[in-house]
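Take a look at the structure set out below.
If you read the sequence from its start, that first residue is 1, and numbering goes on from there. Just so you know, these numbers come straight off a predicted model, no measurement behind them.
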Amino acid sequence: MSVDRTSEASEYLKNHRIPELMENLTSQLIYQQPENPREFLKEYLKSLKEAKERRADGPKLFGPDNLQSLFGMLDPVGSGHITRLQYLEAMKILGIQNFGQHEDKPTIDFDLFEQEATHGLSKASTTYKR
């Protein structure tokens, strides 16, 4: 493949968010482990298409209950805060890449964590151009 063709292919994948889509599909398969993976993928892609048509977020791998559980594991004494380092690690675990770093905050409360995680998960699940 020539450099121009490679560059063109790379640009195509980026413009259509294909790497994000593949990561999303793989994550869903691993998490859900459906009996019939092909049927699951067919239905999942259908739900992504419907979300796009409604101009809504696609289905997310982690919901509010999952976020609350994760935060609770990081805050076992229930202080309502986690360290910034724990926050950064939690975002990494969730697969969120672009989020507020909050370098000015030594601790992060649940509301901020949930806001950033929900926004990041929405961006990750929306594997199409809006």
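Judged by distance alone, the side chain of S47 and the main-chain N or O of Y44 form a donor-acceptor pair under 3.5 Å. Side chain of D75 to main chain of G80: a donor-acceptor pair is present (N/O by atom type, distance under 3.5 Å, no hydrogens or angles). A donor-acceptor pair is defined here as one N or O able to donate and one able to accept, closer than 3.5 Å; no such pair exists between the side chain of S10 and the backbone of T6.
Side-chain atoms of F99 and H119, non-hydrogen and from C-beta on, never get closer than 4.5 Å to each other. Side-chain atoms of H102 and L112, non-hydrogen and from C-beta on, do get closer than 4.5 Å to each other. The shortest distance between side-chain heavy atoms of E11 and N15 falls below 4.5 Å. Within the 4.5 Å cutoff, the side chain of L70 has heavy atoms near those of the L94 side chain. Inter-residue side-chain proximity for L121 and L67 is flagged as met; some heavy-atom pair is nearer than 4.5 Å. The shortest distance between side-chain heavy atoms of E114 and Q68 does not fall below 4.5 Å. When side chains are defined from C-beta on, F110 does not count as touching H81, because their heavy atoms never get closer than 4.5 Å. A 4.5 Å side-chain heavy-atom check between K105 and I108 finds at least one atom pair inside the cut-off.
Relative orientation of the Y12 and H16 rings is tilted, given thresholds of 30° and 60° on the angle between their planes. Ring-plane geometry between F71 and F113 is classed as tilted, the angle between the planes lying from 30 to 60 degrees on a 0 to 90 degree scale.
We find the CG-OG distance between D109 and S79 to be 10.0 Å, quoted to the nearest 0.5 Å. For the atom pair L25 CG and L45 CG, the distance stands at 5.0 Å (nearest 0.5 Å). Here the NZ atom belonging to K42 is positioned 9.5 Å from the CG atom belonging to N36, to the nearest 0.5 angstrom.
Of all heavy-atom pairs spanning Q86 and T83, the tightest one is OE1-N, 2.8 Å. When every heavy atom of L29 is checked against every heavy atom of P37, the shortest pair comes out as CD2-CB, 3.9 Å. The shortest non-hydrogen separation linking A90 to L74 is CB-CD1, 3.7 Å.
A 6.0 Å sphere centred on CD of Q97 holds no more than 12 heavy atoms belonging to other residues, nucleotides or ligands. Atom CD of E39 is surrounded by more than 12 heavy atoms from other residues, nucleotides or ligands within 6.0 Å.
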Side chain to side chain contact (heavy atoms under 4.5 Å, CB included) between Q101 and L88, worked out: CA-CA 7 Å; Q101 299 291 309; L88 296 174; 3.4 Å; yes
F40 vs Q28, side chain to side chain contact (heavy atoms under 4.5 Å, CB included): CA-CA, chis, key distance, verdict: CA-CA 9 Å; F40 174 83; Q28 288 289 342; 3.9 Å; yes
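Comment: E8 engages R5 in a salt bridge, judged by a side-chain N to carboxylate O separation of less than 4.0 angstrom.
Side-chain heavy atoms closer than 4.5 Å link hydrophobic residues (I, L, V, M, F, W, Y) into clusters, and following such links, possibly through other members, connects L41 to L21.
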